[in-house]
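Some notes on the structure that comes next.
Both backbone and side-chain heavy atoms feed into the values below; hydrogens, waters and symmetry mates do not.
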Amino acid sequence: MISTDQTDDFASCWDAFEPRKPLNFSDWASKYVVTDTGKPYDALFYPQITAPGGPGDAWDDHRVRVIVLQWGVRLGKTFFGSCCLLNAAHQTPSPMMLASSREKLSIDVTSRLYEMLRRGPLSDLLAQPEHLQKRDLVEFEAARCYVAWSRSPSSLADKNCRVGHANEIDKWEQQGTSTEGDPLDLFLDRFNDFLPSRKVILEGTPSVKHRSRVERWRLLGTNCRLWVPCRRCGRYQVLILGNEKLPHGIKWAAGPDGRTDLDTAVATAHYVCEHCHGRLESEDRPWMLRRGVWVPEGCGVDDAAALAYVTAETRPDWRGWSEAPWVTGRPLRVGEVASYQLPSWY
């Protein structure tokens, strides 16, 4: 007969061999990420990344294989991609690829990735000392991250990867003498051996409408928009640039001659709420963004449920749109592509 002590010992041994559940993206980033300038990760500074239903949740979702960010400039899309590469190297080591439009940009992004590692608690993931670290290959203790660029078919070929970050894909061009296909197709081919488990981030600022790679991929996915509450009435809405025909949106006064004047516009710019038509100033924006929720195309927002969810002390693990309490209606598309649009005026 097995004693109680023996049973306890067996359970302790079994626990030692059981795989540890990875931290969710938000908790992991708060604990391990440091920016390339040495600042600790702050979710309040990047609310669009960890807002409910956003890219952070998509990274944790085993059903999502491709994350698409069609975001304006300086909104953190490249930073998010770098965070995901570090997350994979730390929690689920596997072959990776970082690719951009040109060699210089790929090297710049790689340099920032190295700085994030050196300045933070994940520096021991690097297999080589600084003087031996390569610009075209990031060597981790348990994985490799290949560095590629669109005008170099050789850098995009003959590698099998599970995790990838494609940076500024609307700027990707073929080499003039190349007989290879579209460089983004070459990049995506690298993940064919890991189709059931791949995680690929495609991001960029769109260039020409209807000819944009990132726009095309966004429209294939959930096509989420960030809804934020009015600080006056608490009603959720998508922020728009607006025009003379709409009573809400971004507004500004005309110059002395009745035309738009840059200095006057900067001094008088404000937002008019879609619901209460209250005037919202620039200082209201952080409060609004930090209470934002992502919503897939075809759905709306339950205002009370959204505010309750974002202000709760703890958030439950992400379980998909069907269990998102703030969402009303049904998404037009739910599948392996999670896509997000975010204009610069946010």
#### Entry: Single-linkage hydrophobic cluster Ile250~Val272, side-chain heavy atoms < 4.5 angstrom
no
### Query
Would you say the side chains of Asn167 and Thr78 form a donor-acceptor pair under 3.5 Å?
yes
### Task
Inspect the surroundings of CZ in Arg135 and state if more than 12 heavy atoms from other residues, nucleotides or ligands are less than 6.0 Å away.
no
### Message
Do the side chains of Asp108 and Lys104 get close enough for a salt bridge, i.e. N-O under 4.0 angstrom?
### Response
yes
### Query
Heavy-atom count around Lys251 NZ within 6.0 Å, excluding the residue itself: above 12?
yes
### Basic-acidic side-chain contact under 4.0 Å: Arg151, Glu173
yes
### Query
Less than 4.0 Å between a side-chain N and a carboxylate O, is that true for Asp61 and Arg63?
yes
### Task
Name the orientation class of the two ring planes belonging to Tyr41 and Phe79 (parallel below 30°, tilted from 30 to 60°, perpendicular beyond 60°).
parallel
### Query
Hey, mind stepping through Glu297 and Arg225 against salt bridge (Lys or Arg N to Asp or Glu O under 4.0 Å) and telling me if it holds?
CA-CA 7 Å; Glu297 185 178 3; Arg225 302 292 298 273; over 6 Å; no
### Task
Output yes when a side-chain donor or acceptor of Lys159 lies under 3.5 Å from a complementary backbone atom of Ala157, and no otherwise.
yes
### Task
If the plane angle is over 60° it's perpendicular, under 30° parallel, otherwise tilted; pick one for Phe187 and Trp172.
perpendicular
#### Entry: Verdict with supporting geometry, Asp170 and Arg213, salt bridge (Lys or Arg N to Asp or Glu O under 4.0 Å)
CA-CA 6 Å; Asp170 269 20; Arg213 288 186 179 92; 5.5 Å; no
